[in-house]
Amino acid sequence: MNSALHEWNLAPQEAIALQKELAQRLELTDRIDPVTHIAGMDIGFEDDGDTTRAAVVLLKWDPATAPDLAVVEQIVHREPTRMPYIPGLLSFREIPAALGAFKKLSTRPELVMVDGQGIAHPRRLGIAAHLGLWLDLPTIGVAKSRLYGKHEEVGERRGDWTALTARGETIGAVLRSREKVKPIFVSPGHRMSLETSLSWVMQCLGRTKLPEPTRLADRLASRRVEKRRERATRTS
DNA sequence: GCGACAG
DNA sequence: ATCTTGTCGC
């Protein structure tokens, strides 16, 4: 891989310059191998933010049962947190730990859904795009809120979506993944078109707001679940 | 110069 | 992201 990609501990200005350079290497057309496994990735924090916790969930892709997908593997990888959250520079804070989790995965997926933006980013390099370059895999960004770009109101029916645009370009989609719930922001990361990104997200959508890969990774990365269990154990 | 601002 | 109980609604 390129040496420039190995840079992590950068000053904000240097990181911004690197993003502009890396964004030019993104492939926004489909280059995807036949999909047999889809991975979902998300990051959580522990120790009041001192520890970064990366979660990757590997699902078996089966169009016959989708969106019900079998969980093949679950990885939780911890590392000391290396930098604070800075809007626009999220990937420099979270990707190192994410890579550690992917290294522990026994099977390499053909597609990855990431909690965060793809190219719907000021410099077209959200965490999903950045991770896609690192893994050299097709990635899709599935964010729960907007970082960049503007859009019209989204229809209220499940499946309705509107373009997310910036500087006259379409950089993603605002998707009503579930009725009566805030829409999600879908954007291609690497080796993917927006149309294909939306197709995969919708195929992985159950009755929930988030597609299965991201929903499960979210649950694994968050401490909410285990905290609940701790309380239940103490009280019993 | 004044806001906005993934997780 | 995280701290946190109950509570309103399908």
[X] [atom1] to [N] [atom2]: how many Å, rounded?
X	N	atom1	atom2	value
Asp50(A)	dC3(C)	CG	C1'	15 Å
Ile86(A)	dA4(B)	CD1	P	19 Å
Ile171(A)	dA6(B)	CD1	P	13 Å
Ile127(A)	dC5(B)	CD1	P	19 Å
Gln117(A)	dG7(B)	CD	C1'	10 Å
Tyr85(A)	dA4(B)	OH	C1'	10 Å

Legend entry - Heavy-atom side-chain proximity of Leu131(A) to Leu99(A) below 4.5 angstrom: yes
Examine [N]: is either OP1 or OP2 under 4.0 Å from a nitrogen or oxygen in the side chain of [X]? Give yes or no.
X	N	value
Ser145(A)	dG7(B)	yes
Arg146(A)	dA4(B)	no
Lys180(A)	dG9(C)	no
Tyr148(A)	dA4(B)	no
Lys150(A)	dA4(B)	no

Inset, instruction - Classify the nucleic acid contact of Gly44(A) as base, sugar-phosphate or nothing, counting any heavy atom under 4.0 Å across all strands shown. - result: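 Result for Gly44(A) = sugar-phosphate.
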Inset, instruction - Could you work out which one of dG7(B), dC5(B), dT2(C) sits closest to the side chain of Pro87(A)? - result: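 Within the option list, the nearest is dC5(B).
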Legend entry - Under 3.5 Å side-chain donor-acceptor pair for Thr107(A) and Glu73(A):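 No, Glu73(A) and Thr107(A) have no side-chain donor paired with an acceptor closer than 3.5 Å.
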Inset, instruction - Tell me yes or no: between the side chains of Glu153(A) and Thr162(A), is some donor less than 3.5 Å from an acceptor? - result: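 Looking only at side-chain atoms, Thr162(A) and Glu153(A) do not form any donor-acceptor pair under 3.5 Å.
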Inset, instruction - On the 0 to 90° scale, with breaks at 30° and 60°, tag the Trp8(A)-Trp134(A) ring pair as parallel, tilted or perpendicular. - result: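 Plane angle under 30°, so parallel.
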